[in-house]
Number of protein chains: 2
Amino acid sequence: MTKDNYSGKFAEFYKKYKRMPSYAEIMELFGYRSKNAAFKLVNKLVEAGVINKDKQGRLSPANIFGEIKVLGYIEAGFPTLVEEEVLHTRNLDDWLVTSRDSTYLLQVRGDSMIEAGIMNGDTVIADRSRPAKNGDIVIAEVDGGWTMKYLKKTGSKVELLPANKNYKPIIPRHDLNIAAVVTSVIRKY
Amino acid sequence: MTKDNYSGKFAEFYKKYKRMPSYAEIMELFGYRSKNAAFKLVNKLVEAGVINKDKQGRLSPANIFGEIKVLGYIEAGFPTLVEEEVLHTRNLDDWLVTSRDSTYLLQVRGDSMIEAGIMNGDTVIADRSRPAKNGDIVIAEVDGGWTMKYLKKTGSKVELLPANKNYKPIIPRHDLNIAAVVTSVIRKY
DNA sequence: AGTATAGGTGAACGATGGTTCACTCGTCAA
DNA sequence: TTGACGAGTGAACCATCGTTCACCTATACT
């Protein structure tokens, strides 16, 4: 069994149970009949930097699980070199979500934001706690309905601008309630 | 202290140490002087569905940490109603990443895929293990350089198509090595 | 008034945790 | 052939774990 397979089993377990296995469980996981075998294996993985162990011997994953390798740039235009080197790793959750309680996912219908690269079927991450600045893409309740648009503030005047020439800007008549600011857009193929 | 603050402290701890606190640690966390106080608090949170407890009393977060609430649709075009109801929750990692070992993040430079809604500065998630099908967006090594394009297969012929009228299709002369398939696009504001 | 009841204290319990020690069994190099 | 070494076994160790019990407030409700 390779070293990747070793840590893979731990990652599997951690993903399933959201905690590290005890030594008794590691025994079952690898078919050992001695706790000490598990103990030695763990120490190796600690040295390899895959697992962390605190002073009291409790285990925790060492960032590796849940983190995704980040390579360099890819040029969409002309072919260039991508360093085949891993620059660092990144946890998607930590990267995209600052405050979990005030964050929501919304699926997008329609094409009014197409020029901003937001297409029909995309998912947006919206944060309710972030203050809306001029130029932000916001989720807003305007005159009784909900919409997603660019926010344009000019003095005390507020407009909601689409990113599609076929649609007109919205100037709120009665109520404008900005519910959330779009912090990210995700498209899944 | 509200119930959210209770679970918030657990979420904080779990995020920091990637494991649930022991009862002794919960005591410190909340300033209790008795383990039993922690014990009773945990049981409440188990009943509230925030924390899971297995047969041997070990704790694990009950999906709530790390999961983000999913609301309904947002109409980009015209204002519509968004049900203010949480449909379900979703874990970004599980949703976007199928096999962690073969997944990479790449930052996009250039505008050759702009009509596919992939803009300069976006981040793409690429999977090395997924087979590349006709119409997929792929990361490919062609004639010594790297690029990201649509893959077009017609019989035995292979082309790389940009999503921008200003760029021409790439027909590989010597080598074409499809390294990864783009599974998601992320744009962060 | 009394009296439930939620929330905390403090001590004790057995079970399980991680750890250590002595030993065995192959494998590989000298 | 010998010896060193990595890897697994099996038993024992104590600290810590989760749990339970009896007891002690407060606060709110009849």
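So that the names make sense, note that chain A is the first sequence line, chain B the second, and so on, each numbered from 1. As a basis for the values below, the full set of heavy atoms in this structure was taken, side chains included, without hydrogen atoms, waters or symmetry mates. It should be emphasised that the depicted structure is a prediction, and the values quoted were computed from it without experimental measurement.
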Using a 4.0 Å cut-off to any heavy atom of chain B, which nucleotides of DNA chain C are the first and last in contact, reading 5' to 3'? C:dG7 to C:dG17
Among D:dT19, D:dG18, D:dA7, the one nearest B:K53 by side-chain distance: D:dT19
Is it true that atom CD of A:E28 has more than 12 heavy atoms of other residues, nucleotides or ligands lying nearer than 6.0 Å? no
Between A:K188 (side chain only) and B:W95 (backbone N and O only), is there a donor and an acceptor less than 3.5 Å apart? yes
Comparing nearest nucleotides in DNA chain C, the 5'-proximal residue of the pair B:K40, A:K40 is B:K40
To the nearest Å, how far apart are B:Y23 OH and D:dT19 P? 4 Å
Any side-chain donor near an acceptor of the partner, A:T103 and A:D127, under 3.5 Å: no
Measure the spacing between OG of A:S112 and NZ of A:K168 and express it to the nearest 0.5 Å. 14.5 Å
Here's a test of your reading of the structure: between B:R33 and B:Q56, which maps to the more 5' nucleotide of DNA chain C? B:R33
Any side-chain donor near an acceptor of the partner, A:N52 and B:Y17, under 3.5 Å: no
Is the backbone of A:N166 close enough, under 3.5 Å, to the side chain of A:N164 for a donor and an acceptor to pair up by distance? yes
Considering just the side-chain nitrogens and oxygens of A:Y32, establish if one lies under 4.0 Å of OP1 or OP2 belonging to D:dG8. yes
From CZ of A:F39 across to C1' of D:dT9 the rounded distance in Å is 15 Å
Stems in DNA chain D: runs of 3 or more consecutive Watson-Crick or G-U pairs, distances under 3.5 Å? C:1-30 with D:1-30
Under 4.0 Å between a side-chain N/O of A:K44 and OP1 or OP2 of D:dA7, yes or no? yes
